[in-house]
K.L.:
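One structure coming up, written as structure tokens, with questions to follow.
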Amino acid sequence: MVQIPDSVSKYTNVYDVLKERGFIEQCTNEEEVRDMLGREKIKFYIGFDPTADSLHIGHFMQTIIMMYMQKYGHTPIVLIGGGTTMVGDPSGRTDMRKMMTQEQIQENGRKFVKLFERYLDFDQGYEYYGHQPTDGPDAPVQNKEPEPGKAICVDNAKWLLQLNYVEFVREIGRHFSVNEMLRAECYKQRLEKGLSFLEFNYMLMQSYDFYVMSHDLDCKMQFGGNDQWSNILGGIDLVRRKDQKTVYGLTFSLLTNYEGKKMGKTGKGTLWLNPEKTSPYEFYQYWRNVNDADVEKCLRMLTFLPMDEVRRLASLPGEEINHAKEVLAFEVTKLVHGEEEAIKAQEGARAAFEDGTSIENMPTTKMDVSDFEGDGIGVLTLMCNVGLASSNSDARRTVEQGGLTVQDQKITDPKTMITQDMFNAEGKLIMRKGKKVYHVIDIK
RNA sequence: GGAGGAGUGCCCGAGUGGCUAAAGGGGGCGGACUGUAAAUCCGUUGGCUUCGCCUACAAUGGUUCGAAUCCAUUCUCCUCCA
């Protein structure tokens with residue numbers, strides 16, 4: 001399991017640490033929260049909607065926050081949105097999410113949990129038995145108290161999917177003002193494009209989650225990305241109205257670049273944590289190539305280097321900033337894929353961009369010698385086969401524009417055939433597309 | 001339920017019978033310049049067996065020598081009225 005080193009900060013209150021690292025964006029009551037976090041060990045939760053089969057960098061940042069909290073003795077509750085995903089969060093979106101089946105959602109949820117287990121110390125024996133809104137004589141089984149400081153995981157499908165509509169509307173819905181909801185920032189965009197009643201309910205469901213967490217598990221805080229602010233406030237109000245308890249909310253800045261655009265998007269889409277979806281090498285390269293202006297922010301939020309070191313690295317002048325980017329890429333890749341993969345990615349990158357000697361860590365495709373015997377295989381076809389081009393036409397374009405190099409020879413004729421004798425003694429062939437994309441063909 | 005409007009390539013958005021694989025922008029890709037950065041500049045951006053062919057302007061069917069453009073039906077979305 002990945003752990004945060006003690007050198008990460010000199011502060012003893014986790015609030016100060018999070019502040020120092022620049023995570024905190026909004027807090028319902030800064031002083032009280034800071035005081036509480038310093039005084040007692042609390043339970044807090046963050047919700048994750050399993051809309052895809054892998055976590056992405058935004059989730060990762062939230063995971064890091066949970067790690068900080070756990071390090072300082074608080075109990076993270078990972079709330080998997082198996083129920084809320086059935087509805088879809090409209091916050092910050094201009095279009096409706098694709099509807100997903102329950103099986104898909106459950107499957108994704110399981111994958112999420114697997115990833116979280118690499119970063120948080122879970123109470124393995126813990127199981128949440130479920131919530132019953134009434135505490136009558138036939139009160140439900142008591143939920144056991146999780147081991148102090150250990151993370152637990154709950155799925156809101158457990159209490160959301162069995163809700164009775166009329167009951168829900170009477171018990172929960174009556175506490176919400178539609179007028180107020182419509183004013184909420186998160187619906188603004190959607191009011192122009194249209195918002196279905198399905199999605200309009202999302203806020204109530206998330207608020208109900210907070211109520212359940214507070215009521216059943218004495219959870220005191222909810223964290224989330226800044227886009228969750230209104231949803232979190234909804235929950236806080238609901239808890240106050242139903243249980244007369246005060247709970248708190250804290251939101252984090254979304255990871256954006258200096259232009260204010262979300263980070264973690266590549267030309268091909270999202271930067272995933274799952275190595276099958278985004279290779280460690282690609283992942284490394286993303287961070288290796290961040291903009292100068294974003295280096296400090298990334299080091300601060302995505303690595304556990306001491307702040308002095310972060311500041312030193314980020315202020316390296318001119319070309320030297322590349323060193324900081326290397327450190328950043330290495331550290332983040334290490335956290336996500338482990339040290340071994342990080343070293344491989346780093347060496348692969350260095351080999352490709354600096355000395356060009358090692359081809360061991362470049363992405364490789366194994367092929368059969370017979371494919372290259374006789375006339376061999378056309379470059380275009382080969383490029384498609386190994387994923388260097390998305391179609392034959394795409395491959396042709398690259399070649400015609402002088403973007404392909406095979407064994408250090410620029411190829412400009414799209415009709416070129418790749419044959420056995422072009423491979424080196426070890427049976428390898430290096431293809432380079434553009435300046436940065438390498439691929440090795442191995443026929444051993 | 002009534003009246004009107006809209007659906008165009010990865011996204012935004014022009015085009016309203018032939019000159020349209022479809023202007024312009026964004027994004028992507030390739031090249032130049034660099035620091036594996038940014039900014040800038042140039043090229044390119046549906047597919048294929050690429051001097052040619054095939055598939056495309058929500059879906060289906062029709063009018064026409066010829067349709068993204070005209071007509072009919074369907075689907076989706078928006079606005080106003082109820």
Side-chain angles (χ1 to χ4, degrees), chain A residues 90 93-99 189-199 256-271 279-299 313-330 332-333 345-356 358 361-363 375 377-385 387-406 410-417 430-439:
Chain A
R93 291 182 65 98
T94 50
D95 55 345
M96 188 165 143
R97 286 175 189 276
K98 235 177 44 218
M99 293 272 262
Q189 279 183 292
R190 293 301 300 278
L191 285 177
E192 286 165 27
K193 275 268 177 182
L195 175 71
S196 70
F197 185 69
L198 172 81
E199 298 170 282
T256 51
N257 66 15
Y258 75 109
E259 288 171 305
K261 289 189 190 133
K262 261 196 196 180
M263 291 192 77
K265 293 278 174 203
T266 68
K268 293 194 192 87
T270 308
L271 194 69
S279 74
Y281 182 81
E282 265 177 273
F283 188 85
Y284 178 95
Q285 281 301 314
Y286 180 86
W287 302 106
R288 179 63 184 79
N289 284 319
V290 293
N291 195 285
D292 289 5
D294 296 318
V295 172
E296 192 199 327
K297 187 190 246 178
C298 294
L299 281 169
L313 285 169
S315 60
L316 290 173
E319 193 182 330
E320 285 175 51
I321 192 89
N322 276 319
H323 173 61
K325 292 186 189 179
E326 240 189 8
V327 173
L328 169 69
F330 181 80
V332 182
T333 310
Q346 185 159 60
E347 282 176 359
R350 281 186 181 154
F353 292 102
E354 288 160 30
D355 37 37
S358 157
N361 297 309
M362 290 177 187
D375 288 343
I377 182 170
V379 244
L380 303 186
T381 314
L382 186 60
M383 285 173 78
C384 291
N385 289 350
L388 239 31
S390 61
S391 70
N392 222 300
S393 303
D394 185 32
R396 176 183 301 272
R397 226 170 276 134
T398 307
V399 171
E400 280 171 353
Q401 292 181 129
L404 182 74
T405 308
V406 174
K410 186 171 266 192
I411 303 285
T412 44
D413 180 4
K415 291 208 176 78
T416 307
M417 302 303 284
I430 304 176
M431 297 175 85
R432 177 166 65 95
K433 178 184 169 249
K435 274 181 285 198
K436 298 181 183 178
V437 188
Y438 285 83
H439 204 99

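The shown structure was predicted, so the numbers you read here are calculated from the model rather than taken from an experiment. Below, chains carry the letters A, B, ... as their sequence lines are ordered, and counting in each starts from 1.
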K.L.:
So, for A/Asp375 and A/Met417, which heavy atoms are closest and what is the spacing to 0.1 Å?
P.N.:
O-CB, 3.3 Å
K.L.:
Over all strands shown, is A/Gln285 touching base, sugar-phosphate only, or nothing at heavy-atom distances under 4.0 angstrom?
P.N.:
base
K.L.:
If you pin A/Tyr284 and A/Leu380 to their nearest nucleotides in RNA chain B, which one's is more 5'?
P.N.:
A/Tyr284
K.L.:
Would you indicate what A/Val290 reaches in the nucleic acid, counting non-hydrogen atoms under 4.0 angstrom: base, sugar-phosphate, or nothing?
P.N.:
sugar-phosphate
K.L.:
When the P atoms of B/G2 and B/U73 are considered, how many whole Å apart are they?
P.N.:
14 Å
K.L.:
Checking all strands, does A/Ala389 fall into the base, sugar-phosphate, or nothing category for heavy-atom contacts under 4.0 angstrom?
P.N.:
nothing
K.L.:
Should B/U76 form a Watson-Crick or G-U wobble pair with both distances under 3.5 Å, which nucleotide is its partner?
P.N.:
B/A6
K.L.:
Measure NZ/A/Lys435 against C1'/B/U36 and give the value in whole Å, please.
P.N.:
8 Å
K.L.:
Can you check the distance between B/A23 and B/C71, where both ends of the measurement are the P atom (answer in whole Å)?
P.N.:
25 Å
K.L.:
With a 3.5 Å cut-off and just heavy-atom distances, do the side chain of A/Ser393 and the base of B/U50 make a donor-acceptor pair?
P.N.:
yes
K.L.:
Tell me which one of A/Asp294, A/Leu316, A/Leu313, A/Asp292 satisfies side-chain contact (heavy atoms from CB on, under 4.5 Å) with A/Lys325.
P.N.:
A/Asp292
K.L.:
Give a yes or no on whether the backbone of A/Ile377 and the side-chain of A/Thr381 come within a donor-acceptor separation of less than 3.5 Å.
P.N.:
no
K.L.:
Which pair of non-hydrogen atoms, one from A/Pro280 and one from A/Ala345, has the smallest distance, and what is that distance?
P.N.:
O-CB, 4.0 Å
K.L.:
For nucleotides B/C53 and B/G43, find the distance between their P atoms and express it as a whole number of Å.
P.N.:
28 Å
K.L.:
Pairing check on B/G61: which nucleotide meets the Watson-Crick or G-U wobble criteria with it, both distances under 3.5 Å?
P.N.:
B/C71
K.L.:
Can you tell me, in whole Å, how much space there is between the P of B/U16 and that of B/C11?
P.N.:
23 Å
K.L.:
Counting distance only, does the side-chain N/O of A/Asn322 pair as donor-acceptor with the main-chain N or O of A/Glu319 below 3.5 Å?
P.N.:
yes
K.L.:
Roughly, in whole Å, what's the span from CZ in A/Arg397 to P in B/G31?
P.N.:
15 Å
K.L.:
If you assign A/Lys415 and A/Ile321 each to the RNA chain B nucleotide with the nearest heavy atom, which residue ends up on the more 5' nucleotide?
P.N.:
A/Ile321
K.L.:
Taking only the C1' atom of each, what is the distance from B/A6 to B/G13 in whole angstrom?
P.N.:
13 Å
K.L.:
Looking at A/Gly403, is its backbone amide N or carbonyl O close enough to the side chain of A/Lys435 to form a donor-acceptor pair, meaning the two atoms are under 3.5 Å apart?
P.N.:
no
K.L.:
Just to confirm, is there a sub-4.0 Å distance from OP1 or OP2 of B/C48 to any side-chain nitrogen or oxygen of A/Ser391?
P.N.:
yes
K.L.:
In whole angstrom, what separates A/His323's NE2 from B/G35's C1'?
P.N.:
15 Å
K.L.:
Atom CD1 of A/Ile411 to atom P of B/G31: distance rounded to whole Å?
P.N.:
14 Å
K.L.:
With a 3.5 Å limit on both atom pairs, tell me what B/A32 is paired to, counting Watson-Crick and G-U wobble, or say none.
P.N.:
B/U40
K.L.:
Could you check which of B/A38, B/G30, B/U36 has an atom nearest any side-chain atom of A/Asn291?
P.N.:
B/A38
K.L.:
To the nearest Å, how far apart are A/Asp394 CG and B/U50 C1'?
P.N.:
15 Å
K.L.:
For B/A14, give the paired nucleotide (Watson-Crick: N1-N3 plus N6-O4 or O6-N4; G-U: N1-O2 and O6-N3; both under 3.5 Å), or none.
P.N.:
none
K.L.:
Looking only at atom types and distance, does a side-chain atom of A/Tyr438 sit under 3.5 Å from a main-chain N or O of A/Ala352, one as donor and one as acceptor?
P.N.:
yes
K.L.:
Taking atom types as they are modelled, is there a donor-acceptor pair under 3.5 Å from the base of B/G47 to the side chain of A/Asn392?
P.N.:
no
K.L.:
Can you tell which of B/G47, B/U50, B/U49 lies closest to the side chain of A/Arg396?
P.N.:
B/U50
K.L.:
Would you mind classifying the nucleic acid contact of A/Lys433 as base, sugar-phosphate or nothing, using non-hydrogen atoms under 4.0 angstrom?
P.N.:
sugar-phosphate
K.L.:
Taking atom P in both B/A58 and B/G15, compute the distance separating them and give it to the nearest angstrom.
P.N.:
15 Å
K.L.:
Under 4.0 Å between any heavy atoms, over every strand shown, what does A/Arg288 touch: base, sugar-phosphate, or nothing? Just pick one.
P.N.:
base
K.L.:
Can you tell me, in whole Å, how much space there is between the C1' of B/U69 and that of B/C78?
P.N.:
22 Å
K.L.:
Could you work out the separation of B/A14 and B/G7 based on their P atoms and round it to a whole Å?
P.N.:
9 Å
K.L.:
Mind checking who B/A21 pairs with, Watson-Crick or G-U wobble, both distances under 3.5 Å?
P.N.:
none
K.L.:
Do any N or O atoms from the side chain of A/Arg397 and from the backbone of A/Val399 form a donor-acceptor pair under 3.5 angstrom?
P.N.:
no
K.L.:
Would you say B/A37 has OP1 or OP2 under 4.0 Å from some side-chain N or O of A/Lys436?
P.N.:
yes
K.L.:
Between B/G43 and A/Gln401, counting only base atoms on the nucleotide and side-chain atoms on the residue, is there a donor-acceptor pair under 3.5 Å?
P.N.:
yes
K.L.:
Please tell me which of the listed nucleotides, B/G47, B/C29, B/U36, lies nearest to the side chain of A/Thr398?
P.N.:
B/C29
K.L.:
Can you tell me how far P of B/G35 sits from CG of A/Asn322, to the nearest Å?
P.N.:
9 Å
K.L.:
Could you tell me how far apart A/Lys325 (NZ) and B/U36 (C1') are, to the nearest whole angstrom?
P.N.:
9 Å
K.L.:
Send over the distance from A/Lys297 NZ to B/A37 P, rounded to a whole Å.
P.N.:
21 Å
